[in-house]
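Quick note: residue numbers are just sequence positions, from 1. Just so we're clear, the structure is a prediction, and the values are computed from it rather than from any experiment.
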Amino acid sequence: MSETTQFRTTTRHMLKESKEYASQTLMGGLSGFESPIGLDRRDRIKALRSGDVGFVHSWDINTSVDGPGTRMTVFMSGCPLRCQYCQNPDTWKMRDGQPVYLDAMIKKVDRYKDLFKATGGGITFSGGESMMQPAFVSRVFHAAKEMGVHTCLDTSGFLNANYTDEMIDDIDLCLLDVKSGNEETYKEVTGGTLAPTIEFGHRLRDRGKKIWVRFVLVPGLTDSEENVDEVARICKSFGDALEHVDVLGFHQLGRPKWHEMRIPYPLENQKGPSAKLRERVANQFKDYGLTVY
């Protein structure tokens, strides 16, 4: 954060000076970050627009889950979609996240940069929907690129217009969630519209970025042959930018969070896909000449 940026706070921001505190790692929480507590509404909006502050749910260090190598995956708060199979409904509202200073996040990336370079890893922004906070995410990505750290954006692409071409230039890889190939099914699954996802994929392609498509296979919801074919055709339109398609079988790991938050869960009794169904869907993608994981 620049030295000239000032915020009004209702309580003193949390900042601990000890080396022990500053060196803490964070697995699923947010300890170890300098965080402005109690931003008033006007400064909250100002900070979000400038990217001086981001609202973060949690972060973790993982391997080969959210991109190549060992990665720092940051889960941002806020999402405009309401996917029936969402694993993290606790990330839907931005206000439920913790504000984190831009400089604190960049310092965390810098701390792990040698590990990232040694393993071919880097930083991944996920969510929620990280494109709800484009200024913060893109500024961290820009700083990461200056360090030589690989960057990855995990997104539905629904907020395509939030990202400028200059922001896209700092993305090495996009994990693009193509939740359906059929507009009606997309609306049923997410409450949103499909076109922005496709457009964002095309913009990534045109700027020479790499794409891994993620498709969640839900029996009776996204599994029709017609829908899978339409997803495959969308994937083909990404051309050489597309490296592979991840077919992710539906599971119930997110159900406890829906119950805890007392949100009606639409897939309460839904089963995951059978091996036979997974094979059929994988073969459909392969028939289009696509690599499937």
(request) May I ask you to decide whether Asp172 forms a salt bridge with Lys145, counting only side-chain N to carboxylate O separations under 4.0 Å? (result) yes

(request) Drop me the distance from Phe158's CZ to Thr193's OG1, to the nearest 0.5 angstrom. (result) 4.5 Å

(request) Please report the shortest heavy-atom distance between Tyr288 and Ala232, naming the atom on each side. (result) CD1-CB, 3.5 Å

(message) Between Lys113 and Asp110, does the salt bridge (charged side-chain N to carboxylate O under 4.0 Å, His left out) criterion hold? Intermediate values first, please.
(response) CA-CA 5 Å; Lys113 67 181 180 183; Asp110 183 67; 3.1 Å; yes

(message) I'd like to know whether Arg139 forms a side chain to side chain contact (heavy atoms under 4.5 Å, CB included) with Met105, so could you lay out the CA-CA distance, the side-chain angles of the two residues, the decisive distance to 0.1 Å, and finally the verdict.
(response) CA-CA 10 Å; Arg139 289 179 71 183; Met105 184 64 70; over 6 Å; no

(message) Please give me the minimum heavy-atom distance between Lys179 and Tyr186, naming the atom from each residue.
(response) CB-CE1, 3.9 Å

(request) Decide yes or no for Arg71 and Asn62: does some side-chain heavy atom of the first lie under 4.5 Å from some side-chain heavy atom of the second? (result) yes

(message) Minimum heavy-atom separation for Leu173 and Pro68, please, with both atom names.
(response) CD2-CD, 3.7 Å

(request) Ignoring hydrogens and angles, tell me if any N or O in the side chain of Asn162 forms a donor-acceptor pair with the backbone of Met131 under 3.5 Å. (result) yes

(message) I'd like to know whether Met167 forms a side chain to side chain contact (heavy atoms under 4.5 Å, CB included) with Phe141, so could you lay out the CA-CA distance, the side-chain angles of the two residues, the decisive distance to 0.1 Å, and finally the verdict.
(response) CA-CA 8 Å; Met167 291 175 177; Phe141 274 173; over 6 Å; no

(message) Between Val213 and Tyr85, is there shared hydrophobic-cluster membership here, with clusters defined by ILVMFWY side-chain heavy atoms closer than 4.5 Å?
(response) no

(message) Closer than 3.5 angstrom, by distance alone: can the side chain of Arg205 be matched with the main-chain N or O of Ser237 as a donor-acceptor pair?
(response) yes

(message) Looking at Glu184, I want to see if its CD is surrounded by more than 12 non-hydrogen atoms of other residues, nucleotides or ligands under 6.0 Å.
(response) no

(message) Give me the atom names and distance for the closest heavy-atom approach of Ile211 to Gly201.
(response) CD1-O, 3.7 Å

(request) Would you mind listing every salt bridge (charged side-chain N to carboxylate O under 4.0 Å, His left out) that reaches into residues 77-99, with sequence neighbours excluded? (result) Asp90-Lys257

(message) Taking atom CG as the centre, does Asp287 end up with more than 12 heavy-atom neighbours from other residues, nucleotides or ligands that are less than 6.0 angstrom away?
(response) yes

(request) Answer yes or no: is there a donor N or O on one side and an acceptor on the other, between the side chain of Lys286 and the main chain of Leu290, under 3.5 Å? (result) no

(request) Please confirm whether the backbone N or O of Gly220 pairs with a side-chain atom of Asp223, one donor and one acceptor, at under 3.5 Å? (result) yes

(request) State whether the side chain of Thr190 and the backbone N or O of Lys187 hold a donor-acceptor pair below 3.5 Å, judged by distance alone. (result) no

(request) Hey, could you give me the CG/CH2 distance between Leu175 and Trp212, rounded to the nearest 0.5 Å? (result) 6.5 Å

(message) Under the side chain to side chain contact (heavy atoms under 4.5 Å, CB included) test against Asn227, which residue among Asn182, Leu221, Val281, Val189 passes?
(response) Asn182

(message) I need the Ile106 CD1 to His142 NE2 distance, nearest 0.5 Å.
(response) 9.5 Å

(message) By the salt bridge (charged side-chain N to carboxylate O under 4.0 Å, His left out) test, which pairs, at least two apart or in different chains, include something from residues 211-221?
(response) Asp66-Arg214, Asp154-Arg214

(request) Please check if Leu102 and Ile45 belong to a single hydrophobic cluster, counting links between Ile, Leu, Val, Met, Phe, Trp and Tyr side chain heavy atoms closer than 4.5 Å. (result) no

(request) Kindly assign one of parallel, tilted or perpendicular to the pair Phe75 and His57, based on the angle between their ring planes and the thresholds 30° and 60°. (result) perpendicular

(message) Determine whether a donor-acceptor pair (N or O, by modelled atom type, separation under 3.5 Å) exists between the side chain of Lys209 and the backbone of Asp169.
(response) yes

(request) Would you indicate whether the side-chain heavy atoms of Leu48 and Phe136 approach each other to under 4.5 Å? (result) no

(message) Using the rule given for side chain to side chain contact (heavy atoms under 4.5 Å, CB included), can you reason through Glu129 versus Leu81, listing the C-alpha separation, both sets of side-chain angles and the distance that settles it, and then say yes or no?
(response) CA-CA 8 Å; Glu129 174 51 73; Leu81 302 180; 5.8 Å; no

(request) Taking all non-hydrogen atoms of both residues into account, name the closest pair between Ala144 and Val109 and its distance. (result) CB-CG1, 4.3 Å

(message) Angle between ring planes, Tyr163 versus Phe200, binned at 30° and 60°: parallel, tilted or perpendicular?
(response) perpendicular

(request) Give a yes or no on whether the backbone of Thr73 and the side-chain of Thr124 come within a donor-acceptor separation of less than 3.5 Å. (result) no

(message) Quick one, Thr291 and Phe285 - any side-chain contact, counting heavy atoms below 4.5 Å?
(response) no

(message) Quick one, Val228 and Arg280 - any side-chain contact, counting heavy atoms below 4.5 Å?
(response) yes

(request) Compare all side-chain heavy atoms of Tyr112 with those of Thr70 and state whether any distance is below 4.5 angstrom. (result) no

(message) Distance check, rounded to the nearest 0.5 Å: Thr197 atom OG1 versus Glu199 atom CD?
(response) 10.0 Å

Side-chain donor-acceptor pairs of residues 260-268 under 3.5 Å, sequence neighbours excluded:
{"from": "Tyr265", "atom 1": "OH", "to": "Gln252", "atom 2": "OE1", "distance (Å)": "2.9"}
{"from": "Glu268", "atom 1": "OE1", "to": "His259", "atom 2": "NE2", "distance (Å)": "2.9"}
{"from": "Glu268", "atom 1": "OE2", "to": "His259", "atom 2": "NE2", "distance (Å)": "3.2"}

(request) Taking the side chain as every heavy atom from C-beta outward, state whether Gln133 and Met94 have any pair of such atoms under 4.5 Å apart. (result) yes

(request) Indicate yes or no for a side-chain donor-acceptor contact from Arg203 to the backbone of Ile168 under 3.5 Å, with no hydrogens or angles considered. (result) no

(message) Has Glu183 got a side-chain atom pairing as donor or acceptor with Leu194's backbone, closer than 3.5 angstrom?
(response) yes

(message) To the closest 0.5 Å, what do you measure between NZ (Lys210) and CZ (Phe238)?
(response) 14.0 Å

(request) Check whether any side-chain heavy atom of Asp177 lies under 4.5 Å from a side-chain heavy atom of Cys83, and answer yes or no. (result) no

(request) Of all the heavy-atom pairs spanning Pro134 and Ser138, show the shortest one and how long it is. (result) O-OG, 2.7 Å

(request) Decide yes or no for Phe116 and Met72: does some side-chain heavy atom of the first lie under 4.5 Å from some side-chain heavy atom of the second? (result) yes

(request) Please answer whether the main-chain N or O of Cys174 pairs with a side-chain N or O of Thr155 as donor and acceptor at a distance below 3.5 Å. (result) no

(request) List the steps, then state whether side chain to side chain contact (heavy atoms under 4.5 Å, CB included) holds for Tyr293 with Val247. (result) CA-CA 6 Å; Tyr293 288 167; Val247 177; over 6 Å; no

(message) Can you tell me how far apart SG (Cys235) and CD1 (Ile198) are? Round to the nearest 0.5 Å.
(response) 10.0 Å

